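A short write-up of the structure that comes next.
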Amino acid sequence: MAYWLMKSEPDVFGIDHLAERPDQIEPWDGVRNYQARNMMRDQMRPGDGVLFYHSNCTLPGVVGIAEIATQSRPDPTAFDPEAKYFDPKSDPDNPRWYLVDVRYVRHLKRTITLAELKEHSADLLKDMPLVRKGNRLSIMPVTPEQWNFILSLE
DNA sequence: GCCAACGTTGGC
DNA sequence: GCCAACGTTGGC
């Protein structure tokens, strides 16, 4: 079982939206970055743990825990000309983009802020892309050590 | 294959 | 709203 961190903008789709979904599950569509795609397509497995991160907001940070609910499958929004993330270069016979379903587990008791996590960017979290300047990766692997450490801050 | 231009992310 | 950092695109 592996661990991940997944970013989302709370104004668009935050942890509260996930918790309020029927079955508390949501397809993680719209990812259009190859590194992030490869992780979803090739490495994520049902049951993997997810740190749910809020980005582009007043208090960026880890706000909850989710889990991977399904194996990856092609992202249908890439084939839909009406969809925001339509990609004419993605062919149903040879899909370019993939998604997994994400299931809500729980809110954290408080937000573990990016500022707090950055305090550990020289030691415990030094290999985590999240705490590096200019990082834009929306999905990243988390080691068991990082997972345990971050949640110990709760 | 190089690289400038462009668009997006996301903290602040 | 600003802007640094970065990924992608497309001309050559």
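Letters A, B, ... are given to chains in the order of the sequence lines, protein chains preceding strands, and every chain is numbered from 1. The analysis underlying the following values was restricted to heavy atoms, covering all of them including side chains, and did not include hydrogens, waters or symmetry mates. Here the structure is a predicted model, which means the values were calculated and not measured.
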Over how many whole Å does the gap from A/Asn135 atom CG to C/dG7 atom C1' extend? 12 Å
Check every atom of C/dG7, C/dT9, B/dC12 against the side chain of A/Leu114 and return the nucleotide holding the closest atom. B/dC12
Steps toward salt bridge (Lys or Arg N to Asp or Glu O under 4.0 Å) verdict (A/Lys126, A/Glu119): CA-CA 10 Å; A/Lys126 70 171 165 15; A/Glu119 291 172 15; over 6 Å; no
Using a strict heavy-atom distance below 4.0 Å, which residues from residues 116-130 of chain A are in contact with DNA chain B? A/Lys118
Hey, what's the ring geometry for A/His54 with A/Phe52, parallel, tilted or perpendicular (30° and 60° as the breaks)? perpendicular
Nearest-angstrom distance from the residue atom NZ of A/Lys133 to C1' of B/dC12: 11 Å
Rounding to a whole Å, what distance do you find between A/Asn33:CG and C/dT8:P? 6 Å
Separation of A/Asn135 CG from A/Leu114 CG (nearest 0.5 Å): 9.0 Å
In whole angstrom, what separates A/Leu137's CG from B/dT9's P? 13 Å
Between A/Trp97 and A/Tyr34, what is the ring plane arrangement, given parallel below 30°, perpendicular above 60°, and tilted in between? tilted
Short side-chain N/O contact to B/dG10 OP1/OP2 from A/Lys7, under 4.0 Å: yes
Where do A/Met39 and A/Trp4 land on the side chain to side chain contact (heavy atoms under 4.5 Å, CB included) test, with the steps shown first? CA-CA 9 Å; A/Met39 287 184 264; A/Trp4 308 96; 3.7 Å; yes
Without decimals, in angstroms, what is the distance between A/Asn56 CG and C/dA5 C1'? 15 Å
What integer distance in Å separates A/Gln35:CD from B/dT8:P? 19 Å
Drop me the distance from A/Met6's CE to A/Met40's CE, to the nearest 0.5 angstrom. 6.0 Å
Derivation of the salt bridge (Lys or Arg N to Asp or Glu O under 4.0 Å) call for A/Arg96 and A/Asp75: CA-CA 8 Å; A/Arg96 179 178 290 204; A/Asp75 181 346; over 6 Å; no
Students should find that the end-to-end axis angle of the helix from B/dG1-C/dC12 to B/dC12-C/dG1, with five pairs defining each axis and rounding to 10 degrees, is 10°
Passes side chain to side chain contact (heavy atoms under 4.5 Å, CB included), A/Ile15 versus A/Val63? Steps please. CA-CA 7 Å; A/Ile15 186 84; A/Val63 295; 3.7 Å; yes
I want to confirm an ordering. Mapping A/Arg96 and A/Gly134 to their closest nucleotides on DNA chain C, which one lands closer to the 5' end? A/Gly134
By the definition side-chain contact (heavy atoms from CB on, under 4.5 Å), identify the one residue from A/Ile112, A/Ile150, A/Leu108 that meets it with A/Leu51. A/Ile150
Under 4.0 Å: is that the gap between some side-chain N or O of A/Tyr53 and OP1 or OP2 of B/dT9? no
Interatomic distance where CZ belongs to A/Arg32 and C1' belongs to B/dT9 [whole Å]: 16 Å
Euclidean distance, atom CG of residue A/Asp87 to atom P of B/dT8 [Å, nearest integer]: 13 Å
